[in-house]
Amino acid sequence: MTTIIKNGTVVTADLSYKADVRIENGKITEIGQGLKGGTELDATGCYVMPGGIDPHTHLEMPFMGTYSADDFESGTRAALSGGTTMVVDFVLPGQGQGLMDAAQMWHNKSGRANCDYSYHMAVTWWGEKVWEGIADSVKAGITSFKHFMAYKGALMVNDDELFSSFRRVGDLGGLAMVHAENGDVVAELTAKLLAEGNTGPEGHAYSRPPQVEGEATNRAIMIADMAGVPLYVVHVSCEDAHEAIRRARAAGKRVWGEPLIQHLTLDESEYFHPDWDHAARRVMSPPFRNKEHQASLWAGLMSGSLSVVATDHCAFTTEQKRFGVGNFAKIPNGTGGLEDRIPMLWTHGVGTGRLTPNEFVAVTSTNIAKILNLYPKKGAVLVGADADLVVLDPEKEKVISASTQQSAIDYNVFEGQKVKGLPRYVLTRGQVAVDDGAVKTQEGHGKFVGREARPAVNRALSQWKDLTAPRPVVRTGIPATGV
Ligand code: DUC
Ligand code: ZN
Ligand code: ZN
Ligand code: ZN
């Protein structure tokens with residue numbers, strides 16, 4: 001089957017140019033002028049871009065006594081409707097569970113996906129079985145490993161475990177990832193706030209100040225450096241964490257930072273809303289920050305010190321959020337965003353002149369495709385690449401509303417926001433999933449995309465790396481007795 005996208009402007013991370021795009025059997029087979037034959041999709045006035053890749057989702061994830069509400073079907077339908085053509089979800093092994101057992105559980109759920117997907121593996125506990133499991137995971141195409149420095153007593157790993165795991169991942173050519181918040185401090189502050197009667201959703205924000213994130217980010221960077229592993233910091237929400245990442249990158253370390261569209265566009269005032277439900281629906285970790293932190297995140301995207309915009313899509317219904325009435329620590333942490341990331345970032349990034357369309361493609365698709373070794377299968381408009389494409393109409397507008405969304409939850413944290421720049425067409429491996437604005441996904445169309453490790457290039461560039469290889473010292477003049 002042949003499809004031709006006609007009369008659009010191809011926009012990649014590098015270039016913008018007028019061209020038609022021919023698609024055959026799910027792949028791009030020709031890019032050029034005046035292409036003919038097959039089904040034609042009119043892209044007049046539109047940008048033809050690599051489909052968005054959201055590298056941070058939690059679909060149907062067991063968490064805080066419940067499951068996140070979007071599964072692989074509704075989650076990937078939401079993704080496609082908003083121009084995201086691939087998600088990377090986190091496999092979350094239970095305590096004592098083998099990594100490949102957990103991966104199988106995820107494979108059992110993901111068969112319903114409407115678009116392609118890949119996995120990161122979470123290292124939620126440490127032992128011989130995990131050490132072995134990391135190698136099995138790499139062989140199975142899951143080459144990135146997330147570590148939680150928070151969620152004490154549940155998912156959190158300590159520094160000794162972090163260092164062991166980072167070394168193992170580095171030795172196998174994988175990528176280390178961290179949720180960087182100091183879990184010990186969060187636990188102390190949570191207990192103190194609750195004891196003092198601060199039980200509302202705003203207590204969640206007070207229990208996780210920016211210092212908690214800045215400290216953990218610095219610690220993770222230093223531990224990764226000593227372990228010789230590249231590091232990807234998820235959901236960077238504040239200047240304290242961004243500053244550590246900036247400094248590491250300037251020193252030649254392989255460290256990347258990922259802000260979320262939520263932190264870029266929503267701020268901490270949401271937690272002081274008089275309606276409990278409104279505030280609780282926005283409880284996520286890390287929490288939304290003040291406007292200065294927001295400005296820091298935008299500056300990072302503009303200057304290149306932050307590399308990727310994701311969502312951490314982890315949606316819970318209002319009913320689930322209400323588990324935390326009377327105790328903010330029981331509000332399931334997470335917000336949605338999969339279907340809104342592209343239009344929100346286009347509106348607030350390109351629409352305001354902060355980002356060029358090419359920079360937009362870089363931070364929504366191409367950069368993460370390169371970091372995760374998916375490029376140029378994904379994240380590219382090139383002959384031979386998968387035809388995961390968005391035809392974005394920069395003039396098309398809508399007001400975001402839960403009443404028209406694909407996600408399974410009953411609200412939207414961006415409710416009422418006007419966005420300009422929406423998909424006219426979205427293609428997943430050549431199949432039209434959004435057709436002139438109408439969502440037409442196909443359950444089960446999505447396939448797992450395995451990834452290769454790359455030991456040759458995927459190492460940290462620490463100036464101290466040689467300290468990890470002790471050399472014998474011939475020492476003279478050793479005192480005969482100690483003091
Ligand atoms: N943060 C959230 O808000 N939800 C899921 C996990 C996480 O780290
Ligand atoms: Zn996290
Ligand atoms: Zn997450
Ligand atoms: Zn998260």
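Ligands are counted one by one from 1 in listed order, and the atoms in each one are counted from 1 as well. What's counted below: heavy atoms across the whole structure, side chains too, no hydrogens, waters or symmetry copies. Quick note: residue numbers are just sequence positions, from 1.
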[Y] and [X] aromatic ring geometry - parallel, tilted or perpendicular at 30°/60° bounds:
X	Y	answer
Y117	F448	tilted
H278	H273	parallel
H58	H56	perpendicular

Next item on the list: Report yes if some N/O of K146 lies less than 3.5 Å from some N/O of ligand 1; otherwise report no.
Entry: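 No, no N or O pair falls under 3.5 Å.
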Check: If we only count N/O pairs under 3.5 Å, is H179 in contact with ligand 1?
Finding: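 There is such a contact, yes.
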Item checked: Heteroatom of H179 nearest to the Zn ion (ligand 2) (N, O or S, atom name) ->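 Going through the N, O and S atoms of H179 one by one, ND1 ends up nearest to the Zn ion (ligand 2).
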Can you list the atoms of ligand 1 that are under 4.0 Å from a heavy atom of [X]?
X	value
M284	3 (O)
D312	1 (N), 2 (C), 7 (C)
Y151	1 (N), 2 (C), 6 (C), 7 (C), 8 (O)
H235	8 (O)

Check: So between A122, A150, S285, whose heavy atom ends up nearest atom 3 (O) of ligand 1?
Finding: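 That would be S285.
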Margin query: Looking at every heavy atom in both A69 and T317, which two are closest together, and how far apart are they?
Written below: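 For A69 versus T317, the nearest heavy atoms are CB-CG2, 4.1 Å.
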Margin query: Taking salt bridge (Lys or Arg N to Asp or Glu O under 4.0 Å) as the criterion, tell me which of K377, K447, K378 meets it with D116.
Written below: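 Of all the options given, the one that passes is K378.
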Note to self: Angle at the Zn ion (ligand 3), NE2 of H58 to OD1 of D312, rounded to 10 degrees, please.
What the structure shows: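 It is 90°, given to the nearest 10°.
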Check: Taking the N/O/S atoms of H56 one by one, which is nearest to the Zn ion (ligand 3)?
Finding: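 Of all N, O or S atoms in H56, the Zn ion (ligand 3) lies closest to NE2.
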Check: Pick one: which of S285, P286, S237 meets side chain to side chain contact (heavy atoms under 4.5 Å, CB included) with R208?
Finding: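 Answer to the side chain to side chain contact (heavy atoms under 4.5 Å, CB included) test with R208 among S285, P286, S237: S285.
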Check: Between R168 and F166, is NZ or CZ placed under 6.0 angstrom from the six-membered ring centre and within 45° of the ring axis?
Finding: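 The answer is no; the distance or angle limit is not met.
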